[in-house]
Amino acid sequence: MKAKESPPDPGSLQERKQKLARANIAELAAAPLIERGFDDVTIDDLAKAAGISKRTFFRYFSTKEEVVTSQFDEAGTALLAAFRLRPRDEQPLLSLRFAMGSVIDRLISDAERSRAMIQLIHRTPSLRGRFLVTQDQWIGQLSSAIAERLPKGPKAPMLARLTATVSMGAVDAAMMTWAESGDRDIRAVADEAFDALAAVVSAATRTGPGRKP
């Protein structure tokens, strides 16, 4: 019986080549999805668009959904890296707001295509569900990074998770608003989203007349 091949070492040349090949296939395969819609395209169509066999396609992707959501993997990695570069004594929510710039840089590198991909995700239930899984992975990673800054205590995990979750909500709202807006400046949209988030947080901490804190 043939032994199963071991995955390449992280950071190895082989892994970098595989990532590059995967990214190239995803970029080519996404074209018919954008043009014709997710449900009207088969895996055979995706393989043909990428110039590979169906068997080769499954070496890199398990599903059609993965072709789309994988193109945002680097955005999550960049967001986490940018957050870690911010001053450790800075408020985590503010750090995440500044770190959003790393996501913006990737989106505007091909703005038309980025808008089309985001719209495709939000109008396709199966893609939306898969992207929520991706975002939850980002939230988990950000939660760990945020927790490293917080004083140790029983409330720290909840505070870290909540900060990461509401920030991801602002990121998602900014991306979708920008994708539907046509030609709005994405940096202005992101600022608007985080300003709105700050207003929500502030309102939630106020106590009105007759209300117990």
Side-chain angles (χ1 to χ4, degrees), residues 1-82 99-142 168 171-172 174-183 186:
M1 181 177 177
K2 185 178 179 180
K4 186 177 180 180
E5 292 183 4
S6 300
D9 294 332
S12 68
L13 177 61
Q14 182 183 357
E15 185 191 40
R16 292 197 298 273
K17 286 182 176 179
Q18 287 184 352
K19 285 184 176 181
L20 181 59
R22 177 179 160 93
N24 288 338
I25 292 170
E27 183 172 355
L28 293 170
L33 294 172
I34 294 172
E35 292 170 3
R36 291 155 51 188
F38 187 81
D39 294 330
D40 292 332
V41 176
T42 67
I43 287 178
D44 285 324
D45 294 329
L46 299 182
K48 182 178 180 181
I52 57 175
S53 67
K54 188 174 180 179
R55 181 177 180 181
T56 300
F57 175 91
F58 281 117
R59 284 177 52 196
Y60 292 95
F61 302 99
S62 301
T63 63
K64 285 199 301 180
E65 288 82 0
E66 196 177 345
V67 170
V68 178
T69 59
S70 68
Q71 299 184 56
F72 292 89
D73 288 347
E74 291 301 320
T77 301
L79 182 65
L80 178 62
M100 177 66 182
S102 63
V103 177
I104 290 173
D105 289 342
R106 280 158 175 75
L107 293 176
I108 63 177
S109 64
D110 190 344
E112 183 177 352
R113 187 172 184 278
S114 295
R115 285 194 182 97
M117 295 296 286
I118 294 168
Q119 290 171 351
L120 182 65
I121 288 172
H122 280 262
R123 68 171 178 254
T124 308
S126 61
L127 274 176
R128 182 62 180 153
R130 182 64 185 83
F131 192 55
L132 287 173
V133 172
T134 297
Q135 288 182 321
D136 194 57
Q137 293 170 348
W138 296 354
I139 289 170
Q141 294 168 349
L142 286 170
M168 191 54 59
V171 170
D172 188 66
M175 288 171 59
M176 190 59 206
T177 299
W178 172 70
E180 293 181 332
S181 68
D183 59 356
I186 187 172

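Bear in mind the structure is a predicted one, so any value in this text is a computation, not a measurement. Numbers for residues simply follow the sequence, beginning at 1.
- A 4.5 Å side-chain heavy-atom check between E180 and H122 finds every atom pair outside the cut-off.
- Here CE of M117 is found 8.5 Å from OG1 of T69. Values are rounded to the nearest 0.5 Å.
- Residue pairs satisfying the ring pair (Phe, Tyr, Trp, His ring centres under 6.0 Å) criterion with at least one member in residues 47-82, sequence neighbours excluded, are listed as follows: F57-F61, F72-F131.
- The two residues A29 and V67 come nearest to each other via the heavy atoms CB-CG1, 3.9 Å.
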Give every donor-acceptor pair under 3.5 Å between a side-chain atom in residues 135-142 and any protein atom, sequence neighbours left out.
unit_1, atom_1, unit_2, atom_2, d
Q135, NE2, D172, OD1, 3.1
D136, OD1, R161, NH2, 2.8

>> I'd like to know whether D73 forms a side chain to side chain contact (heavy atoms under 4.5 Å, CB included) with T77, so could you lay out the CA-CA distance, the side-chain angles of the two residues, the decisive distance to 0.1 Å, and finally the verdict.
In response: CA-CA 7 Å; D73 288 347; T77 301; 5.6 Å; no
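- Rounding to the nearest 0.5 Å places OG of S70 at 11.5 Å from CD of E65.
- Going from atom OG of S109 over to atom CD1 of I104 covers 12.0 Å, rounded to the nearest 0.5 Å.
- For R130, the side chain to side chain donor-acceptor pair (under 3.5 Å) criterion is met by T134, not counting sequence neighbours.
- In this view, S53 and T56 satisfy the side chain to side chain donor-acceptor pair (under 3.5 Å) rule, not counting sequence neighbours.
- Within the 4.5 Å cutoff, the side chain of V103 has no heavy atoms near those of the R106 side chain.
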Acceptor/donor pairs from residues 37-47 side chains to any protein atom, 3.5 angstrom cut, sequence neighbours excluded:
unit_1, atom_1, unit_2, atom_2, d
T42, OG1, D44, N, 3.4
T42, OG1, D45, N, 3.1
T42, OG1, D45, OD2, 3.1
D45, OD2, R36, NH2, 3.1
D45, OD2, T42, N, 2.9

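- For T177, there are no side chain to side chain donor-acceptor pair (under 3.5 Å) partners at least two apart in sequence or on another chain.
- Summarising the geometry, atom CD1 belonging to I34 is positioned 13.0 Å from atom CZ belonging to R115; distances are rounded to the nearest 0.5 Å.
- Using modelled atom types, one finds a donor on one side chain and an acceptor on the other under 3.5 Å when comparing R113 with Q71.
- Here R22 pairs with E66 in a salt bridge; the nearest charged N to carboxylate O distance falls below 4.0 Å.
- Distance CD1/I186 to OG/S181: 8.5 Å, rounded to 0.5 Å.
- One finds the CZ atom of R59 at 9.0 Å from the CD1 atom of I52 (value rounded to the nearest 0.5 Å).
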